[in-house]
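Below: the structure, in structure tokens.
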Amino acid sequence: MNERDARFAEIGRALREHNKFAVLSHVRPDGDALGSTLALSLSLKELGKDVRAWNEDGMLEKYDFLARAELLTQPPSAPEDFDVAVALDTAVQNRLGTTAAAIRHAKLWVNIDHHPSNPRYGDLVYIDPTAPATGQILFELLTNQKFPITPAIAENLYAAISTDTGSFQYPNTSVRTFEIAAELVRCGVDVGRVSQLLYENFPRRRIELLRDLLDTMRFGCDGKLAWFSLSKASALALGVIPEDNEGLIDHLRAIRGVIVAIFFEELTDGKVRVSMRSKNEAVDVCAICTEFGGGGHVLAAGARVRGTLPEVEKKIVEQACAAIERNT
Ligand code: AMP
Ligand code: MN
Ligand code: MN
């Protein structure tokens, strides 16, 4: 048995042998976090387990079409005991947010993720930084351990993989990713329907937000760096909610000549959320974000940095420009 299968066997055994589970994922969730949480929760429920699927933000409006979306809720204020708590797609434990406080005790913590910066917290750990999505790892785990993959589970895994690969476009999209996608379609995923709900169903306010962001667009580093910013005042005026901005940074990354794109979002707690994308493996945005207490992947990373919007913009733009000049 190879290393991977041995790990899967160990995790599979822990999942089979226990009864009460909490399945968790990171704050400000994306499609991979929510799809993966639902997929694993549903598979465990098929096995007759008692499962809570929790995220600090609950189910986002834009993903509430996912099969059995109603299972995923915000954590309760009164903590509960569990046999097993599973953290999915969560690079650092504190990104579990309020869900961690809702777990009074768990006999076992399982950590399944694809962020290279994951410090391997927990008792049973499976990190594959080559996987483009946690959903891809879960597909491998569930099939390897002969856990159920119903059409509802397949749809959630497909949404997780589709969103984290930028619709099968990012460079970590592999032969295996397409094989898994094919298998999920075979399980009943309606590609046209899911894709339309994921990518052609935005509220109008998201596009109004994009118009506002493009007004703040700036370039630096000879056009290799592009950024835009959202102030608290603009967010309020536009009536946008946090989930509205996921993916808008791709408009900056898509510009010819741009290597690094940055999105700055002023938060309500005196911090600025920094979201970074790189088009060149030599410019590691995770390394930049890690310097500021964040993390992520080489080509997509984030951090929350204390300071005003102009202060944080200045610091991060300087670091990003230095990284581009050093490495290209
Ligand atoms: P985002 O820009 O928010 O879409 O995040 C890009 C990637 O960086 C995702 O894989 C996140 O999990 C990771 N990431 C974002 N913010 C943080 C943070 N504050 N700490 C650690 N990782 C983060
Ligand atoms: Mn994620
Ligand atoms: Mn992910």
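One-based numbering, in listed order, for ligands and for the atoms of each. Just so it is clear, the model here is predicted, and its values are computed rather than measured.
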Worksheet item: For atom 5 (O) of ligand 1, which of H114, M276, R277, R95 has the closest heavy atom?
Response: R277
Worksheet item: What residue and heavy atom of the protein are closest to atom 7 (C) of ligand 1, and at what distance?
Response: A300 O, 3.5 Å
Worksheet item: Would you call R52 and E80 a salt bridge, using N to O less than 4.0 angstrom?
Response: yes
Worksheet item: Any ion pair linking R206 and E208 (charged N to carboxylate O, less than 4.0 Å)?
Response: no
Worksheet entry | the Mn ion (ligand 3) contact by D89, N, O or S atom under 2.8 Å | yes
Response to the item:
Residue, atom and distance of the protein heavy atom nearest atom 21 (C) of ligand 1 read G295 N, 3.2 Å
Fill in: Evaluation steps, side-chain hydrogen bond (donor to acceptor under 3.5 Å, both in side chains), between Q136 and T177
CA-CA 7 Å; Q136 174 160 330; T177 312; 2.9 Å; yes
Worksheet item: Does D164 put an N, O or S atom under 2.8 Å from the Mn ion (ligand 2)?
Response: no
Worksheet item: Within less than 4.0 angstrom of ligand 1, does H115 place any heavy atom?
Response: yes
Discussion item. Below 2.8 Å, can you find an N, O or S atom of H114 next to the Mn ion (ligand 3)?
Written reply: yes
Worksheet item: Do any of the N, O or S atoms of D32 sit under 2.8 Å from the Mn ion (ligand 3)?
Response: yes
Practice prompt. Name the closest protein heavy atom to atom 17 (C) of ligand 1, giving the residue it belongs to and the distance to 0.1 Å.
Written response: G302 O, 3.3 Å
Discussion item. I need the nearest protein heavy-atom contact for atom 19 (N) of ligand 1: residue, atom name and distance, please.
Written reply: A303 CA, 3.6 Å
Item to complete: Inspect the contact between E10 and R13 and indicate whether a charged nitrogen and a carboxylate oxygen are less than 4.0 angstrom apart.
Response: no
Worksheet item: What atoms of ligand 1 come within less than 4.0 Å of a heavy atom belonging to G296?
Response: 8 (O), 13 (C), 22 (N)
Worksheet item: Among R304, R28, R273, which one has a heavy atom closest to atom 3 (O) of ligand 1?
Response: R273
Worksheet item: Is there a donor-acceptor contact under 3.5 Å linking the side chains of S25 and T37?
Response: yes
Worksheet item: Would E265 and K271 pass as an ion pair if we require N to O under 4.0 Å?
Response: no
Practice prompt. Look at the rings of H297 and H114 and say which category their plane angle falls in: under 30° parallel, 30 to 60° tilted, over 60° perpendicular.
Written response: tilted
